[in-house]
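Remarks on the structure that follows.
Just so it is clear, the model here is predicted, and its values are computed rather than measured. Quick note on labels: first sequence line is chain A, next is B, and so on, each numbered from 1.
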Amino acid sequence: MDDYGFSKSARLLNAADYKAVFSNAQFRVSTRHFLILAISDNRSRPRLGLVIAKKHVPLAVHRNRIKRLTRDSFRRNSQLLANLDIVVLARKDADKLDNKQISETFTALWLELDTKLKRNAAKLLANE
RNA sequence: UGAGUCAGCCGGGCAAUUGCUGCUUUUAGCUCUUCGUUUACCGCUUAUUGGUAGUUGAGGAAAUUAGCAGAGGAAAGUCCGGGCUCCAUAGAGCAGGGUGCCAGGUAACGCCUGGGAGGCGCAAGCCUACGGCUAGUGCAGCAGAAAUUAUACCGCCGGGCUACUCAAUUUCUUGAAGUUGAAUGGUCAGGUAAGGGUGAAAUGGUGCGGUAAGAGCGCACCGCGCGACUGGUAACAGUUCGUGGCAAGGUAAACCCCACCCGGAGCAAGGCCAAAUAGGAAUCCUUUUAAUGCUGCUCGCAUUGGAUUCGGGUAGGCCGCUAAAGACCUGUGGCGACACAGGUUGUAGAUGAAUAAUUGUCCUCGACAGAACCCGGCUUAUAGGCUGGCUCACUUU
RNA sequence: GGGGCGUUAGCUCAGUCGGUAGAGCAGUUGGCUUUUAACCAAUUGGUCGUGCGUUCAAGUCGCACACGCCCCA
C-alpha cells in the first residue's frame, strides 16, 4: 500500500456504488465549500467518487480543476483512509478558491475524517 | 512618425519529482476468468449428460517493464448545412417551414467568392432580409379641410340678386326720384387648387409665359415612367433616340403572389453479449375491418391473425469511436471562392468521464475558456503580442 | 450530448389584428366598528429579461444574447 496511484480500483464506478454511500453514510465532514460522505467497507483500499454539480460550479474548466485537485489530494493521503468509500460534493462558490486553498482544505478534511474513524473504532471496542 | 483599415498567425516557455487515459511492448506463469482437450472421483439415465479436483492448449481481465501520443480558436451557443444510423427503397398530393438583386463555388447551406444597386467615410475600406403593393385583400391611433381611382372646410376669383355709402350725371320747383361707376357687407349658383396651425406621410421641383383668379394649362431645364437601341451570361448601366405632361404614396420582419429548396427522428441514433424479472419472442405465410406506428392530414406502407422453431430481454458490459468532403508543400486552370494533378505526413478518444499537481526559473506576468459520433459555416466571449498589404495626415531628403 | 418551453406591477397571470399596458391578491389612505378581521370607496406601483433592426409607431414582427424550467438512459 505504498503506491500513490489512482486507478479504476480506487474509484466509485456506477450508480449503485454512489447510492450505497448516500443512503447510509456513516461519516460526514464538511467546510463552507465541500461536503464529504463516507462508509467503511471490507475492501483493502479506499475508493473516491466526485459530485460537482453544474449548478454550484457553472464553468466546466473549474469543475475539472476541482476534480483534479481532489483526486491528487486523495491519492497522496490514501494511507489515512484505510477502507472507506468516499463521496465528495462541491458546494456553492467552491470555484472561488485557488489551488493552494483547495489542497489545504482537503488535507484538513482527511485528518478530521481519520480521527472520527478512530473514535468510532474505539467506541465499538468499548461496546464489546 | 502618428491615425486608420484589411488579411494572416501565436494563445506562456524551460527543468525536476509525483500522477491519469489510450496504443504498442516486457515479465512472472503467483491471482481471477472464458472456451476447448484429457485423467480421477461422485450423482443420474435406455442413451445422453451434470458437478468437483487436476493435466494441457488458446484467449481475456488485473498487475508489472519500457516507449509513443494526449483539448480549442472558439472545444461554447445549438442558429444553419452535410455525413452516419433507424424508421419503407424515402414514395405521391395538400398543408407547413425556409431562402429571396445577379452570376459562380461547394457534399450542402441561411456560408463563401466576384459583380450590380443603395447608404456611410477625405480615402483605404465598410454596411445592407436588396423579388413583387402598375395580382388581389387588409392596415394607418392622435392631429388635420382632407389619409387615397383624392376631397372642397377656410381662402382666392369674376358673375347674378340685394343692403348701405361715396362720386358723376339726367329729370323737375328749394328737395326728391332715376341711371351709371367704385368700395364694403349679405346671399345664390359657379371657377380654382397657388396658400392654409397639422402629420411619419398631403399627388413632381425651379423659372418664365399665361389667366378673372389659378392650374403641366403651355414652354425651358432638372427629375420620373414606358418603349427602342447599345454594352453586359445576368442583375444592371447609358452626355443615345423616341414617347408620356406626370397617371404609379407607405407597409409584404401584414395576409399573400412569384421563383427555388425541404420526409421524420436523432449516437440517450442503432447493433451485439447478458445477472434479475416477466411470459412470450423470432422466422415464414395470409387478410377484411379496427387500433397503433411511419409527420399535421389524405393516399400508401408496416405490425396484431395462423403455422413452424426456441430463445427474448432490464441492470451492467462491448461495438458504434475516429483516417477524415484530413493537414502541409509544389504545379496547372481561374480576377476569386475553389477545382485538378503529384508528393510528404499519419494527429485525443474519455464514459462518475484522462491531458494534471507541486517546486524552481525566465519573460511581455498569461485573457476567454475544457473534446463527448464526425465534418463545413455562422454567431457570441477573448489579456496581450507578432507579420504583411493599403489609405490619410505631418516631417525629412 | 440532444430535444422542447418560458421571462409583463411586490406575487399569480391576461394582453386577439402593431396604435399611449390591464385583472386578482398584496400595499397606502379614508369610511364603517369600542377595537381588529371582514366589508365599502379611493389610490400608489411597469427601462414589458437585455441589445440591435423593420415600421410613422414594437409588450406584440425579425435577429442576436442573458437567465430560468421541463423531457430523452
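A donor-acceptor contact shorter than 3.5 Å is absent between the side chain of A/Arg32 and the backbone of A/Arg91. Under the 3.5 Å distance criterion, the side-chain polar atoms of A/Ser73 are left unmatched by any main-chain donor or acceptor of A/Leu69. A/Gln101 places a side-chain N or O within 3.5 Å of a backbone atom of A/Asp98 that can act as its donor or acceptor partner. Between the side chain of A/Asp93 and the main chain of A/Lys96, no donor-acceptor pair closer than 3.5 Å is present. Within the 3.5 Å criterion, the main-chain N or O of A/Val57 finds a donor-acceptor partner in the side chain of A/Arg63.
Side-chain contact between A/Asp72 and A/Thr70 is absent, with no heavy atoms from C-beta onward closer than 4.5 Å. Taking the side chain as every heavy atom from C-beta outward, A/Leu37 and A/Phe27 never approach each other to under 4.5 Å. Contact annotation: the side chain of A/His56 never approaches that of A/Leu89 to less than 4.5 Å [non-hydrogen atoms, C-beta and beyond]. Looking at A/Thr105 and A/His33, their side chains never come closer than 4.5 Å, going by heavy atoms from C-beta outward.
With a cut-off of 3.5 Å on both Watson-Crick or G-U wobble distances, the partner of B/A307 is given as B/U283. Pair assignment for B/C241 gives B/G227, based on Watson-Crick or G-U wobble hydrogen-bonding distances that are each under 3.5 Å. With a cut-off of 3.5 Å on both pairing distances, the Watson-Crick or G-U wobble partner of B/C260 is B/G98. The nucleotide B/U332 finds its pairing partner in B/A339, both defining distances of the Watson-Crick or G-U wobble pair being shorter than 3.5 Å. In a base pair of the Watson-Crick type (N1 to N3 plus N6-O4 or O6-N4) or a G-U wobble (N1-O2 and O6-N3), with each distance short of 3.5 Å, B/C294 is matched with B/G300. Of all nucleotides present, only B/C166 satisfies the Watson-Crick or G-U wobble test against B/G181, with each distance under 3.5 Å. Base pairing of B/G204: its partner is B/C222, meeting the Watson-Crick or G-U wobble criterion (both donor-acceptor distances under 3.5 Å). B/U391 is paired with B/A3 under the criterion used here, namely a Watson-Crick or G-U wobble arrangement in which both key atom distances are under 3.5 Å.
Of the P atoms belonging to B/G366 and B/C318, the separation is 43 Å, rounded to the nearest Å. C/U7 sits 15 Å from C/G15 when the C1' atoms are compared, rounded to a whole Å. Rounded to the nearest Å, the gap between the P atom of B/A248 and that of B/U148 is 14 Å. Atom C1' of B/G158 sits at a distance of 22 Å from the matching atom of B/C164, rounded to the whole Å. Between C/A38 and C/C25, the distance separating the two C1' atoms is 16 Å to the nearest Å. With both ends at atom C1', the span from B/G312 to B/C272 equals 14 Å, rounded to whole Å. Taking atom C1' on both B/G81 and B/G118, the two are 31 Å apart, rounded to the nearest angstrom. Nucleotides B/C109 and B/G227, compared at atom P, are 35 Å apart to the nearest Å.
For the atom pair A/Glu112 CD and A/Thr107 OG1, the distance stands at 12.5 Å (nearest 0.5 Å).
Base-pairing analysis of RNA chain C finds the following stems of at least three consecutive Watson-Crick or G-U pairs, with both pairing distances under 3.5 Å: C:1-7 with C:66-72, C:10-13 with C:22-25, C:27-31 with C:39-43, C:49-53 with C:61-65.
At the heavy-atom level, A/Ile52 lies nowhere under 4.0 Å from the strands shown.
Look at B/A315: its glycosidic torsion is beyond 90° from 0, and that puts it in the anti range. By the rule that a glycosidic angle within 90° of 0 means syn, B/A276 does not qualify and counts as anti. In this entry the base of C/G22 is anti relative to its sugar, with a glycosidic angle more than 90° from 0.
Note on A/Leu59: it does not cluster hydrophobically with A/Leu50, by side-chain heavy-atom contacts below 4.5 Å among ILVMFWY residues.
One atom, CD1 of A/Ile66, and another, P of B/A356, lie 16 Å apart when rounded to the nearest Å. What separates CG of A/Asp95 from P of B/G370 is a distance of 12 Å, to the nearest Å. The distance from atom CG of A/Leu59 to atom C1' of B/C368 is 10 Å, rounded to the nearest whole Å. Atom pair A/Arg63:CZ and B/A369:P shows a separation of 13 Å (rounding to whole Å applied).
The two residues A/Arg65 and A/Asp95 have their closest heavy-atom pair at NH2-O, 3.3 Å.
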A/Phe34 vs A/Phe106, ring-ring contact (aromatic ring centres under 6.0 Å, His included): CA-CA, chis, key distance, verdict: CA-CA 9 Å; A/Phe34 296 99; A/Phe106 276 108; 4.9 Å; yes
Show the distances under 3.5 angstrom between N or O atoms of the protein and N or O atoms of nucleotides 64-73 of chain C.
none

Could you write out each protein N or O paired with an N or O of nucleotides 357-361 of chain B at a distance under 3.5 Å?
residue: B/A357; atom: O2'; partner: A/Asp72; partner atom: OD2; Å: 3.3

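Salt-bridge annotation for A/Lys118 and A/Asp114: present, with a side-chain N of the basic residue lying under 4.0 Å from a carboxylate O of the acidic one.
Mapping A/Lys67 and A/Asn64 onto RNA chain B by nearest heavy atom places A/Lys67 closer to the 5' end of the strand. Mapping A/Pro58 and A/Gly49 onto RNA chain B by nearest heavy atom places A/Gly49 at the nucleotide closer to the 5' end.
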